[in-house]
**Student:** 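Quick one: this structure, given as structure tokens, is what I'll be asking you about.
Per chain, numbering begins at 1; letters A, B, ... match sequence-line order. Small disclaimer: the values here were computed from a predicted structure and weren't measured. When reading the values below, keep in mind they use all heavy atoms of this one structure, side chains included, and skip hydrogens, waters and symmetry mates.
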2 protein chains.
Amino acid sequence: MRAGLTRDQVVAAAQRTMTERGVAGLSLRAVAAELGVAPNAIYSHVADKDALVDAVLDDVLAAVPEPTARDPRRALKSIMIDTYDVLLARAGLVGTYLARQGSRGPEAQRLGRAMDDCLLRLGVTGSRAAGGRRALIVFTIGYAAFATGWTAEGEQPLSPERVRRDFLAGLDWLITGITAGSSV
Amino acid sequence: MRAGLTRDQVVAAAQRTMTERGVAGLSLRAVAAELGVAPNAIYSHVADKDALVDAVLDDVLAAVPEPTARDPRRALKSIMIDTYDVLLARAGLVGTYLARQGSRGPEAQRLGRAMDDCLLRLGVTGSRAAGGRRALIVFTIGYAAFATGWTAEGEQPLSPERVRRDFLAGLDWLITGITAGSSV
DNA sequence: ACCTGAACACCGTTCAAGT
DNA sequence: ACCTGAACACCGTTCAAGT
């Protein structure tokens, strides 16, 4: 019997259950059940559970648009801000991005290239560009995690707008630091 | 039969297996086996697996010393740098800190109070202090994650010394930004 | 209060077999 | 190439029972 399953369908179903129930709630058997298929049918489209989770995470990043601003500093900021917003829309997944230290799939590489292009036009190259990109990604994903409900004991929860403003401020500090002393 | 088990012993055994085999490798049954005890004996000292993981993470932070510098800016930096180093020494755990967005146990609260004290002496109070503390923690844990082997595709791995220098630079950018415009 | 034995309801993954 | 049925070796957790 052939169910006509696609890898995309598997990833999409996994993303749905992951967004709803978190990573802990994701099981291959649950995904298979949602697709009306035997548990091990998943293995025809994906190597193992880890690969499926990676595919889901990278797929989410496809929603981050290419920057349109001509000014490289604004373009760089828009990449980070759009990533922040996309991650917030999938709050249940943010922790997993952090645990897996981001994604290294094709979508993540696409965004990495866009960031490098902005940094290059800002006069930042070589190891400084690599370090700067790292800092920006860490900061963006980390802040998205904060925004999804991380409040310390006895501390009143901040509004999403407030956290977003703090994120924007920190982003400016970082970009300023990264580009300080560069030629352009 | 009484095995004379202590909660501390359970947490210590869990920390050992977690450090060696990562979070995925941690199972209550493995911890119990290492202690020579029945699997469900763990439940006499810990509510469930999540509570055990939280206890392990918080326990690691006990190794971060109280800052000794009198200058609050230097004291703040030393807290973050010591945290970074402690996390690096337990590389297998860093991802879990990120996924759980840090720790909220007594040790984490101790460090949070020390950070607030430094920020207060730097003239940073209220929501700016809360936002600044958040940014510093996110950045520190995130960078520790980077240092434990996060290198992008086709990018040559950086030396630990190099990553640490980048971390220190980013830390300075953040602290400068947080304290900019404050009264002291 | 602390621990065991036994069981329940799950997992991810493999393997042979079918089409 | 894609999918199923059945099985293997695990899980976390609960419950009654023992001391």
**Student:** According to the Watson-Crick and G-U wobble definitions, with both distances under 3.5 Å, which nucleotide is paired to dA7(C)?
**Tutor:**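 Paired with dA7(C), as far as the under-3.5 Å criterion goes, is dT13(D).
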**Student:** For S44(B), answer base if it contacts any base atom (sugar-phosphate contacts may also be present), sugar-phosphate if it contacts only those atoms, and nothing otherwise; contact means non-hydrogen atoms under 4.0 Å.
**Tutor:**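 Base, at least one base atom sits under 4.0 Å.
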**Student:** In whole angstrom, give the distance that lies between atom CG of L52(A) and atom P of dT13(C).
**Tutor:**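 Between P of dT13(C) and CG of L52(A): 10 Å.
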**Student:** Taking CD from Q9(A) and P from dC3(D), how many angstroms apart are they, rounded to a whole number?
**Tutor:**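 Whole-Å distance recorded here is 9 Å.
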**Student:** Which nucleotide sits closest to the side chain of K49(B): dG12(D), dT4(C), dG12(C)?
**Tutor:**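 From the listed options, dG12(D) comes nearest.
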**Student:** Map D50(A) and R29(B) onto DNA chain C by nearest heavy atom, then report which one ends up closer to the 5' terminus.
**Tutor:**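 Upstream on the strand: R29(B).
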**Student:** About how many Å separate NZ of K77(B) and CG of D172(B), when rounded to the nearest 0.5 Å?
**Tutor:**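 If I round to the nearest 0.5 Å, the distance is 4.0 Å.
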**Student:** Do the side chain of S103(A) and the main chain of G105(A) share a donor and acceptor less than 3.5 angstrom apart?
**Tutor:**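 Checking the backbone N and O of G105(A) against the side chain of S103(A), a donor-acceptor pair under 3.5 Å is found.
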**Student:** Test L76(A) against every option in L119(A), D71(A), V124(A) by the side chain to side chain contact (heavy atoms under 4.5 Å, CB included) rule and name the one that passes.
**Tutor:**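 Among L119(A), D71(A), V124(A), the one that satisfies the side chain to side chain contact (heavy atoms under 4.5 Å, CB included) with L76(A) is L119(A).
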**Student:** Mind calculating the distance between CD1 (I42(A)) and C1' (dC11(C)) to the nearest angstrom?
**Tutor:**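 Distance, rounded to whole Å: 14 Å.
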**Student:** Would you indicate which nucleotide in dT13(D), dC3(D), dT13(C) comes nearest to any side-chain atom of H45(A)?
**Tutor:**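 Nucleotide nearest to H45(A)'s side chain: dC3(D).
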**Student:** Whole-Å distance between dC11(C) P and D48(A) CG?
**Tutor:**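 Going from CG in D48(A) over to P in dC11(C) covers 17 Å.
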**Student:** I want to verify a distance call: between dT4(C), dG12(C), dC3(D), whose nearest atom is closest to the A38(B) side chain?
**Tutor:**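 Closest nucleotide among those given: dT4(C).
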**Student:** Report the C-alpha distance between Y143(B) and L171(B) in whole Å, list the side-chain angles of each, state the deciding distance to 0.1 Å, and finish with yes or no for side-chain contact (heavy atoms from CB on, under 4.5 Å).
**Tutor:** CA-CA 10 Å; Y143(B) 231 99; L171(B) 193 55; over 6 Å; no
**Student:** Please give, in whole Å, the distance from dA1(C) P to R7(B) CZ?
**Tutor:**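 Whole-Å distance recorded here is 17 Å.
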**Student:** In this structure, how many angstroms lie between the P atom of dT13(D) and the OH atom of Y43(B), rounded?
**Tutor:**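 Nearest whole value for this atom pair: 3 Å.
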**Student:** Are R73(B) and T176(B) close enough that a side-chain donor and a side-chain acceptor fall under 3.5 Å?
**Tutor:**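 Checked: R73(B)/T176(B) side chains pair up, N/O donor to acceptor below 3.5 Å.
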**Student:** Using both distances under 3.5 Å as the test, list the Watson-Crick or G-U wobble partner of dA1(D), or none.
**Tutor:**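 Its partner is dT19(C) (Watson-Crick or G-U wobble, both distances under 3.5 Å).
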**Student:** DNA chain D: A41(A) or L28(B), which has the more 5' nearest nucleotide?
**Tutor:**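 With A41(A) and L28(B) compared, the 5'-side residue is A41(A).
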